[in-house]
Amino acid sequence: MQHEAIQAIQAATTLDELQTVKTRYVGKSGLVTRELGSLGKLAPEERKARGAEINAVRQAIQAALDDRETTLKREALDAQLASEAIDVTLPGLPLPAGGLHPINRVYDDLTGIYERLGYTVVEGPEVEDEHHNFEALNVPWYHPARDLQDTFWLEDGRLLRTHTSPMQIRYMVDHEPDLKIVVRGKVYRYEATDATHEAMFHQLEGLVVGDSISMADLKGTIAEMARGLYGAGAKVRFQPSYYPFVEPGADFAVYWDNPRGESKWLELGGCGMVHPSVFKAVDDLREAQGKERVYAGKTGFAFGLGPERIAMLKYKIPDIRYFYANDPRVIGQFRGEL
Ligand code: FA5
């Protein structure tokens with residue numbers, strides 16, 4: 001029986017099979033257990049010898065069971081470890097990667113150019129009051145220029161800024177000249193949208209104030225920006241225009257030249273020399289805050305442009321509305337390449 005049991009133990013390949021063998025021999029009603037139970041029927045002198053014999057068999061079987069159990073448990077653990085092992089040499093799964101929105105790429109190009117020229121980059125509130133958005137910029141309530149920029153009015157009389165020019169006022173109230181800033185941010189206009197007009201778009205505003213700043217400085221700065229964007233051969237064009245907060249005022253365009261022969265003038269924005277009324281409005285606000293009047297007699301220039309125009313050309317996006325429709329097919333094209 002011992003020999004047969006040990007063979008069965010060796011043949012068991014799982015812990016379940018081993019348990020069956022164990023039950024068969026040393027379980028409550030197993031063969032060995034039954035043998036031990038039948039000792040009582042023997043004569044006392046036989047009982048001792050037979051008892052020792054069966055006990056030896058039982059111990060041998062138990063030892064074989066324990067041995068086999070240890071082996072099978074180790075094998076099961078090895079198998080589990082092997083199946084759960086991570087192969088660090090396999091190529092990883094690609095992670096979904098984001099990318100910069102084309103407008104942010106253009107902003108980064110532009111602010112990079114101005115930072116190299118020593119400008120400070122600032123941002124400001126999108127919810128404005130009438131005074132900063134219009135009045136202080138020389139646009140009183142009765143002025144027809146208010147109609148040039150249709151406005152989203154908020155319930156409390158405030159408004160969504162129609163341009164970034166109110167930051168000229170805010171920055172000058174808080175800082176003394178000389179100064180060189182560019183402002184980046186969103187602006188809003190209550191107007192019908194088409195391929196080149198959105199109700200929400202962006203502007204980059206520039207402001208330089210000091211002593212004897214001239215129109216030549218303004219033109220040189222715009223030309224420098226054009227070269228930064230389109231290379232050494234870039235040309236700029238200025239045409240007289242009207243903005244209440246500058247005098248004289250101009251619109252400017254950049255000649256956009258590329259090897260595929262798609263050259264053309266790109267109307268970028270407005271500019272001019274800061275109007276003395278703007279400096280006066282800033283000094284009035286400063287005085288009201290207990291600050292010194294420091295802008296009388298200063299000179300400066302300002303400009304404002306729409307980065308969407310640059311991005312549409314650069315990335316060949318035919319309709320401005322694609323930028324903000326959140327269509328992943330549009331934005332997905334800019335993934336990864338930074
Ligand atoms: C202004 O907003 C002036 N604040 C610019 C300025 C600043 C002039 C400082 C002088 C001195 P304008 O309304 O023309 O100007 O807008 C400037 C630029 O914003 C435009 O040339 C155009 O590039 C862009 N823009 C205007 N309206 C829209 C629109 N609805 N959608 C997309 N871009 C627009």
Side-chain angles (χ1 to χ4, degrees), residues 102-103 106-107 110 114 124 126 128 132-134 136-139 143-152 159-172 180-209 213 215 217-219 221-222 225-226 229 236-254 256 265-279 299-314 317-325:
I103 294 302
V106 169
Y107 259 144
L110 287 166
Y114 282 104
E126 291 171 26
E128 264 297 0
H132 287 86
N133 196 83
F134 291 123
L137 289 165
N138 201 25
V139 192
H143 199 289
R146 284 226 179 167
D147 299 337
L148 295 177
Q149 300 178 355
D150 290 311
T151 308
F152 283 112
L159 50 86
L160 296 179
R161 66 178 175 191
T162 57
H163 51 178
T164 41
S165 301
M167 266 309 283
Q168 294 186 25
I169 308 298
R170 291 190 181 277
Y171 197 84
M172 287 192 279
K180 284 159 82 171
I181 58 163
V182 282
V183 186
R184 57 186 274 177
K186 294 187 176 84
V187 302
Y188 302 84
R189 292 195 195 169
Y190 184 53
E191 54 182 55
T193 65
D194 61 28
T196 53
H197 293 85
E198 252 294 10
M200 185 282 291
F201 57 99
H202 294 78
Q203 287 192 338
L204 184 82
E205 182 97 11
L207 175 68
V208 173
V209 179
I213 304 285
M215 194 81 182
D217 297 319
L218 168 59
K219 291 176 83 171
T221 303
I222 300 289
M225 172 179 74
L229 284 174
V236 286
R237 180 183 74 186
F238 293 82
Q239 288 175 314
S241 185
Y242 172 70
Y243 296 94
F245 31 92
V246 288
E247 179 59 35
D251 284 324
F252 61 93
V254 173
W256 180 74
W265 287 102
L266 172 64
E267 286 286 352
L268 261 191
C271 63
M273 303 306 294
V274 179
H275 198 291
S277 302
V278 172
F279 286 141
T299 48
F301 67 73
F303 59 85
L305 61 89
E308 276 87 356
R309 299 268 163 96
I310 301 172
M312 285 171 79
L313 271 187
K314 184 167 183 186
I317 294 175
D319 191 314
I320 190 172
R321 289 167 293 194
Y322 285 145
F323 286 129
Y324 310 115

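We count ligands from 1, going down the list as the structure has it; atoms in each ligand are counted the same way. If you read the sequence from its start, that first residue is 1, and numbering goes on from there.
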Check your understanding: Any side-chain donor-acceptor pair under 3.5 Å between Tyr188 and Glu128?
Key -> no
Review point. Would you say Glu205 has any N or O atom under 3.5 Å from an N or O of ligand 1, going by distance alone?
Key: no
Practice item. Under 4.0 Å, heavy atoms only, figure out whether ligand 1 is touched by the backbone of Glu191, its side chain, both or neither. Key: side chain
Exercise for review: Please work out whether any backbone atom (N, CA, C, O) or any side-chain heavy atom from C-beta onward of His197 is under 4.0 Å from ligand 1, and answer side chain, backbone, both or neither.
Suggested key: both
Check your understanding: Can you check whether His163 has an N/O within less than 3.5 Å of an N/O in ligand 1?
Key -> yes
Practice item. With sequence neighbours excluded, tell me which residues meet side-chain contact (heavy atoms from CB on, under 4.5 Å) with His143. Key: Val139, Pro140, Ala145, Tyr242, Pro244
Check your understanding: Taking only heavy atoms of Arg309, which atoms of ligand 1 are found under 4.0 Å from at least one of them?
Key -> 22 (C), 23 (O)
Check your understanding: Backbone or side chain, does any N or O of Thr162 fall under 3.5 Å from an N or O of ligand 1?
Key -> no
Review point. Can you tell which of Arg189, Glu308, Glu198, Arg321 gets a heavy atom nearest to atom 31 (N) of ligand 1?
Key: Glu198
**Study point:** Side chain proximity check, Ile181 to Met167, heavy atoms < 4.5 angstrom
**Key:** no
**Study point:** Per-atom contacts, ligand 1 versus Gly269 - under 4.0 Å to a heavy atom
**Key:** 21 (O)
Exercise for review: Output the list of atoms in ligand 1 that are nearer than 4.0 Å to some heavy atom of Val246, sorted by atom number.
Suggested key: 11 (C)
Practice item. Among Phe238, Tyr243, Tyr114, find the one that has a ring-ring contact (aromatic ring centres under 6.0 Å, His included) with Phe303. Key: Tyr114
Study note, to complete from the structure: Per-atom filter on ligand 1: closer than 4.0 angstrom to a heavy atom of Cys271 are 8 (C), 10 (C), 11 (C)
Study note, to complete from the structure: For Phe245, the atoms of ligand 1 under 4.0 Å from one of its heavy atoms are 3 (C), 4 (N), 6 (C), 7 (C), 8 (C), 9 (C), 10 (C), 11 (C)
Check your understanding: Looking at ligand 1, does Thr196 have a heavy atom less than 4.0 Å from it?
Key -> yes
Review point. Any ion pair linking Glu267 and Arg237 (charged N to carboxylate O, less than 4.0 Å)?
Key: yes
Check your understanding: Do Val278 and Met172 have side-chain heavy atoms sitting under 4.5 Å apart?
Key -> yes
**Study point:** Over 12 foreign heavy atoms within 6.0 Å of CZ, Phe152
**Key:** yes
Check your understanding: Phe245 vs His163 aromatic rings, parallel, tilted or perpendicular, using cut-offs 30° and 60°?
Key -> perpendicular
Check your understanding: Taking everything shown except Tyr322 itself, do over 12 heavy atoms lie less than 6.0 Å from its OH?
Key -> no
Review point. Taking N or O atoms only and a 3.5 Å limit, does Gln168 qualify as a polar contact for ligand 1?
Key: no
Point to revise | Side-chain heavy-atom pair Phe301, Cys271 within 4.5 angstrom cut-off | key: no
Review point. For ligand 1, which atoms sit closer than 4.0 Å to a heavy atom of Ser165?
Key: 4 (N), 7 (C)
Exercise for review: Kindly confirm or rule out an N or O of Gly270 lying under 3.5 angstrom from an N or O of ligand 1.
Suggested key: no
